[in-house]
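Residue numbering restarts at 1 for every chain, and letters A, B, ... go by the order of the sequence lines. Side chains are part of it too, since the values below use all heavy atoms of this structure and drop only hydrogens, waters and symmetry mates. Since we're looking at a predicted model, the values are computed, not measured.
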Number of protein chains: 2
Amino acid sequence: MSKDTASKSRRPKRGQTREALMEAALDLVIKKGPFSSLSLREVTKKAGVVPTAFYRHFPDMSALGLTLLDESFRSLRQMMRQVRQEELPTERMIRGSMEIYFNYVRDNRAHFLFVAKELYGGTPTMRSAIRREIRLFTSELAMDMARFPFLNQINAEDLQMMAALVVNNVTALTQEMLELEEEDLTGQRDVLITAEKQLRLIYFGVGMWRSNKASR
Amino acid sequence: MSKDTASKSRRPKRGQTREALMEAALDLVIKKGPFSSLSLREVTKKAGVVPTAFYRHFPDMSALGLTLLDESFRSLRQMMRQVRQEELPTERMIRGSMEIYFNYVRDNRAHFLFVAKELYGGTPTMRSAIRREIRLFTSELAMDMARFPFLNQINAEDLQMMAALVVNNVTALTQEMLELEEEDLTGQRDVLITAEKQLRLIYFGVGMWRSNKASR
DNA sequence: ATTCCCAGTCAACACCTGTTCACAAAAATA
DNA sequence: TATTTTTGTGAACAGGTGTTGACTGGGAAT
């Protein structure tokens, strides 16, 4: 794991320690529990530095947490953009988006686990930061939906409601995915299939909703 | 008086201490954070007993947690039965069920907060216990749906998928409800309205799903 | 009336926690 | 090369943690 540690006195970790701390925290979240249950000392120990070195990079643990959160969402937003700009016919779009998304979840397991455990169990600061981010995704999805000619007669509030329905479900399925073992490929496939079905069902419902509203 | 012998040292709390411990833990979860972050000592302090008294009632903290979990779900199951046996026409059923449910959430805030924070952040034992319970609700809902003549052509797997869609969403909305202040009545109403709309949309989708499958 | 056990207390333990301080090595800058 | 800034170290602190053991009051059972 650790590379050349021949000289144990001073190693020129030029700014690497910061990343080592973040990585250590993420690792510990995977196998120990929520971030809030980690101690400064065990993080530094895992990172291979002395406790006091922590303060050279973060004022306290909660700062580390927020940095981790930022890192998680930065790349997530990037992937979302990628999903969004994939222009596909509606039928393929659902399946395609879900595939990209869940592949991303698989490849970034640690970050998602970190966020998942903080969503309801974290400090108020963390929770509201995550919720804000999710609300942002929801709004963006609603805006995307508004561009569909299929949906152009639905008011903004209902669009928001529909987007929330989608986001809530994908979130729940993500948690379900994270509970699975990494090797459980069939389980992962099942979640993907369920996701696709559920979204298609919602899609059907939206269609009916439109005609229902229009006929009033 | 060097040492008071009978003033407050010995009180005959016949088995009340156990409940005091559970209540104290629940209170602390509300204002401090997830159960896993509570210490045995602060729970006993809040309960008004000395730390060692804890062991007269529970072998360790995780046992307290499981007891709390059991208590939470015992009454929840009871309420669910009540909701289920309310026989109403479909249109009213959605609204009626959601009203009963969210009123129950409001009246049992502490228990729901406890469960919510443990769902993803708790120990593996707790998480799987909660997930099992949720899966149970989902299956029961699927069975209820199967009795609808409206849905009798849909196979079991798809019914499960639909029930999961409903449960996932209600779960998410519950968390949203719990984030609101207790006095925020308009916010709570909004969540209720959203819930009703979302479930109705799903209901529409299910209708389309049926005809879609039937036409194949 | 005596015994027994339940359920509380107190003292003590070994350990882990966050944070401070002074110090020194390495890296950056001059 | 000389100086300054950055970054990691070690010792020490005050306080919180779970858990042990011996002790004792009071109610229930004998």
* Of E181(A), M177(A), E183(A), which is the lone residue that meets side-chain contact (heavy atoms from CB on, under 4.5 Å) with Q188(A)? ->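 Among the candidates, only M177(A) passes.
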* To do: Give, ordered by number, those residues of residues 27-37 of chain B having at least one heavy-atom distance below 4.0 Å to an atom of DNA chain D; if nothing qualifies, reply none.
  => none
* Asked: What nucleotide among dT9(C), dG8(D), dT17(C) has an atom nearest to a side-chain atom of V49(B)?
  -> dT9(C)
Look at the side-chain N and O atoms of [X] and state whether any lies under 4.0 Å from the OP1 or OP2 oxygen of [N].
| X | N | result |
| --- | --- | --- |
| H57(B) | dC6(C) | no |
| S39(A) | dC16(C) | no |
| T17(B) | dA7(C) | no |

* To do: Evaluate the side-chain proximity of K32(A) to K46(A): yes if any heavy-atom separation is below 4.5 Å, no if none is.
  =>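 No, their side chains stay 4.5 Å or more apart.
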With 3.5 Å as the limit, what N/O pairs link the protein to nucleotides 19-21 of chain D?
| residue | atom | partner | partner atom | Å |
| --- | --- | --- | --- | --- |
| dT19(D) | OP2 | Y55(B) | OH | 2.9 |
| dT19(D) | O5' | Y55(B) | OH | 3.4 |

* Please give, in whole Å, the distance from dG18(D) P to K45(B) NZ? ->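 Nearest whole value for this atom pair: 11 Å.
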* Asked: Starting at CZ of F54(A) and ending at C1' of dT20(C), how long is that distance when rounded to a whole Å?
  ->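 Checked: the CZ to C1' distance equals 16 Å.
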* Asked: Would you call the rings of Y120(B) and Y120(A) parallel, tilted or perpendicular, where under 30° means parallel and over 60° means perpendicular?
  -> parallel
[atom2] on [Y] to [atom1] on [X], rounded to 0.5 Å:
| X | Y | atom1 | atom2 | value |
| --- | --- | --- | --- | --- |
| I100(B) | Y104(B) | CD1 | OH | 12.5 Å |
| I134(A) | L119(A) | CD1 | CG | 4.5 Å |
| M98(A) | R200(A) | CE | CZ | 13.0 Å |

* When you match L38(B) and V50(A) each to their closest nucleotide on DNA chain D, which lands nearer the 5' end? ->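 Taking each residue's closest nucleotide, the earlier one in sequence belongs to V50(A).
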* Convert the base pairs of DNA chain D into dot-bracket notation, remembering that pairs crossing earlier ones are written with [ ] and that bases paired across to another strand are shown as |; include only Watson-Crick or G-U pairs under 3.5 Å. => |||||||||||||.|||||||||||||||.
* Shortest non-hydrogen separation from V115(B) to I130(B) and the atoms involved -> O-CD1, 3.8 Å
